[in-house]
Engineer: 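Sharing a structure below in structure tokens format, with a few things to ask.
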Amino acid sequence: MDNQLKRGLLDVCVLKATQKGETYGYQIIKDLKPYIEIKESTLYPILRRLETQGLLEVRSEEHNGRIRKYYNITNSGRLRLIDLKKEVKEFIRLYDFLRSDEDD
């Protein structure tokens, strides 16, 4: 899969995983596991990028002697998620078109 396309789809998935309420990295990985396997080395740069873009808010709190970052989607993030979902729907329509004549 094209890296740019996969990156966009992962952004959608991470925003969606934060939509239900405050969460943290390991929980996002668990929430996405039934749909896509994502490693910490992939997730955390996405979280930082989404935070930098103002799509996520982050707070830190001690948990079991370690600092844990909690992520919450912003209003801008919710609007971006709506836009990204529209783009994914368009992609699905294109994919359906491309495979419409498949024999296998």
Engineer: Hydrophobic clustering (ILVMFWY, side-chain heavy atoms < 4.5 Å, transitive) - are I29 and L50 grouped together?
Structural biologist: yes

Engineer: Same hydrophobic cluster for Y71 and I67, using side-chain heavy-atom links shorter than 4.5 Å among ILVMFWY?
Structural biologist: no

Engineer: Could you tell me the separation between the CD atom of Q27 and the CZ atom of R68, rounded to the nearest 0.5 Å?
Structural biologist: 8.5 Å

Engineer: State, to 0.1 Å, how close K16 and K85 come at their nearest heavy-atom pair, and which atoms those are.
Structural biologist: NZ-NZ, 4.1 Å

Engineer: Quick one: pull up SG in C13 and CD1 in I38 and give me the separation to the nearest 0.5 Å.
Structural biologist: 7.5 Å

Engineer: Can you list the steps and then say if T18 with L55 is a side-chain contact (heavy atoms from CB on, under 4.5 Å)?
Structural biologist: CA-CA 10 Å; T18 63; L55 305 177; over 6 Å; no

Engineer: So with a 6.0 Å cut-off around CD of E40, is the heavy-atom count from everything else above 12?
Structural biologist: no

Engineer: Count I, L, V, M, F, W, Y as connected when their side-chain heavy atoms are under 4.5 Å apart, and connections chain through other members. Are L10 and L81 then in the same cluster?
Structural biologist: yes

Engineer: Kindly give the cluster partners of L79, where membership spreads through any ILVMFWY side chain lying under 4.5 Å from a current member.
Structural biologist: none

Engineer: Are V14 and Y70 connected into the same hydrophobic cluster when the rule is that any two of I, L, V, M, F, W, Y join if their side-chain heavy atoms are below 4.5 Å apart?
Structural biologist: no

Engineer: Applying side-chain contact (heavy atoms from CB on, under 4.5 Å) to L9 and I36, what does each step give before you reach the verdict?
Structural biologist: CA-CA 10 Å; L9 290 172; I36 188 168; over 6 Å; no

Engineer: With the threshold set at 4.0 Å, does a side-chain nitrogen-carboxylate oxygen contact exist between D11 and R80?
Structural biologist: no

Engineer: Among all residues two or more places apart in sequence or in another chain, which pass the salt bridge (Lys or Arg N to Asp or Glu O under 4.0 Å) test with R59?
Structural biologist: E22, E61

Engineer: Given 3.5 Å as the limit, does a donor-acceptor pair link the side chain of T74 with the main chain of G54, or not?
Structural biologist: yes

Engineer: Quick one: pull up CG in L43 and CZ in R48 and give me the separation to the nearest 0.5 Å.
Structural biologist: 9.5 Å

Engineer: Find the distance between CD (E51) and CD (E57) and round it off to the nearest 0.5 Å.
Structural biologist: 9.5 Å

Engineer: Do you know which two heavy atoms are closest between L32 and A17, and how far apart they sit?
Structural biologist: CD2-CB, 4.3 Å

Engineer: List the steps and the verdict of side-chain contact (heavy atoms from CB on, under 4.5 Å) for I73 and L56.
Structural biologist: CA-CA 4 Å; I73 194 167; L56 290 178; 4.3 Å; yes

Engineer: Would you say I28 and Y26 are hydrophobically clustered, going by side-chain heavy atoms of ILVMFWY under 4.5 Å?
Structural biologist: no

Engineer: Quick one: are L47 and K69 in side-chain contact, heavy atoms under 4.5 Å?
Structural biologist: no

